[in-house]
Amino acid sequence: MGAGPGTLARSVRIAAPECSSSLLYVLVEQSAFQRNMHAEHLPGWMGERNGFELEAFVASPQAGDGPQFVSSAQLPAMFSGVLLANELLDNLPFDIVRVRNSASAGQSPGQPDDQPSNRFVEQLNVSLGPDGELELVVGPAPAAVTEDVLALAVRAPELPVDTWFPWHGEARFWLTEVERRVSTGHILVFDYGAPTSELAQRPDMGWLRTFRDQQRGSHPLDDPGAQDITTDIGIDQFQLRSSAEVTSQAAFLRLHGIDVLVEQGRAVWNERAHIADLAAIKGRSAVREAEALLDPEGLGSFVALHWRIDG
Ligand SMILES: C[S@@+](CC[C@H](N)C(=O)[O-])C[C@H]1O[C@@H](n2cnc3c(N)ncnc32)[C@H](O)[C@@H]1O
């Protein structure tokens with residue numbers, strides 16, 4: 001889900017995993033611009049499917065003539081299989097909130113600070129200032145957000161007060177929906193993130209990132225619509241209906257055999273480097289790509305969240 005231009009689907013087809021011949025693959029992507037790129041270099045792509053046609057596709061008997069790929073703007077209503085979302089959650093709209101104590105906020109002087117009953121939640125809103133420029137304004141969080149944030153503060157007592165952190169209301173709703181739709185199988189989420197209390201301690205909202213043309217952008221209110229506004233995800237906000245196993249991306253890939261693939265790639269490269277044919281180059285790129293994916297200072301430190309859905 002959040003398939004972008006379809007890079008992963010192409011890589012899966014080329015990697016030809018054991019399940020290839022019975023693989024039914026739906027590239028779920030809301031952007032029509034991105035979906036229009038799915039057909040390129042993807043033999044086995046059968047077009048867009050929505051509604052009944054999409055449901056029929058995911059329920060169709062696996063006749064061994066796969067892999068078959070279709071694109072859709074939506075998730076199927078119900079399916080059994082694997083749902084994979086790479087860098088989707090950081091892309092969904094989020095709120096910016098903080099927990100406050102009545103005493104520290106000057107509302108009830110003399111109250112002990114650490115009483116949960118004295119806590120309330122504020123959020124940052126965007127509004128149009130007198131000079132016509134967008135500005136950030138502090139206001140009370142809606143009741144439903146307050147309730148969920150304070151529940152997290154009880155589960156994570158180390159969550160500091162008075163500092164801003166991202167609140168993933170939309171992504172939490174997304175996960176609830178997805179948990180309902182996957183009847184049996186796995187939900188896999190890869191993203192950059194940390195426990196919410198760690199994010200809240202980063203100075204200057206260090207978890208907020210903007211991007212423009214693949215480069216880091218500027219202040220999130222600059223030039224609205226011209227840059228991507230994203231956030232590191234607060235991973236403990238996603239332990240909802242069922243708990244996810246949480247590992248680093250590097251640990252997840254090692255658990256699922258990346259070292260074997262690297263050794264195979266290295267062996268092909270060593271054997272064929274002098275010929276420098278396609279197989280040799282593929283072998284070398286497997287080694288290089290794995291180094292990047294496992295780098296503890298880079299992609300390797302991404303988080304992998306894995307839910308097993310037993311039905
Ligand atoms: C940061 S990109 C990641 C793309 C790809 N997964 C990758 O790792 O390169 C996030 C993608 O999610 C898509 N997206 C965001 N919200 C979505 C939603 N509700 N349903 C489907 N796709 C969504 C965006 O259009 C964008 O293509």
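Just follow the structure's listing: the first ligand is 1, and inside any ligand the first atom is 1.
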- For the residue pair T163 and Q201, establish whether any side-chain heavy-atom pair is separated by less than 4.5 Å. no
- Does ligand 1 have any atom that is closer than 4.0 Å to a heavy atom of T7? no
- Item | atom 7 (C) of ligand 1: the protein heavy-atom neighbour that sits closest, reported with distance to 0.1 Å | N86 ND2, 3.9 Å
- Query: Which heavy atom of the protein is the closest neighbour of atom 22 (N) of ligand 1, given with residue, atom name and distance?
  - Reply: Q30 N, 3.3 Å
- Note on the structure: Residue, atom and distance of the protein heavy atom nearest atom 14 (N) of ligand 1 read L88 CD1, 3.6 Å
- Query: Under 4.0 Å from any heavy atom of L92, which atoms of ligand 1 are there?
  - Reply: 16 (N)
- Item | pair P166-L208: side-chain heavy atoms closer than 4.5 Å | no
- Query: Looking only at distance, does D90 have an N or O less than 3.5 Å from an N or O of ligand 1?
  - Reply: no
- Query: Are any non-hydrogen side-chain atoms of E87 and F302 less than 4.5 angstrom apart?
  - Reply: yes
- Note on the structure: Near G4 (heavy-atom distance under 4.0 Å), the atoms of ligand 1 are 27 (O)
- State the CG-CD distance between L88 and E29, to the nearest 0.5 angstrom. 9.0 Å
- Please report which non-hydrogen protein atom sits nearest to atom 12 (O) of ligand 1, along with the residue it belongs to and the distance in Å to one decimal place. G2 CA, 3.3 Å
- Would you mind telling me which of D232, T230, T231, D228 makes a side chain to side chain donor-acceptor pair (under 3.5 Å) with R209? D232
- Task: Tell me which protein heavy atom sits closest to atom 25 (O) of ligand 1, plus the residue, atom name and distance to 0.1 Å.
- Result: E29 OE2, 2.6 Å
- Task: Identify, for atom 2 (S) of ligand 1, the protein heavy atom at the shortest distance, and state residue, atom and that distance.
- Result: E87 O, 3.9 Å
- Message: Strictly less than 4.0 Å: does any protein heavy-atom distance to atom 19 (N) of ligand 1 fall in that range?
- Response: yes
- Ring-face cation contact, Y25 with R13, 6.0 Å cut, 45° max: no
- Task: Please examine the side chains of V189 and W307, heavy atoms only from C-beta on, and report whether any two atoms are closer than 4.5 Å.
- Result: yes
- Using a strict 4.0 Å cut-off to heavy atoms of Q34, name the atoms of ligand 1 that fall inside it. 27 (O)
- Message: Give me the atom names and distance for the closest heavy-atom approach of Y192 to F211.
- Response: OH-CE1, 4.0 Å
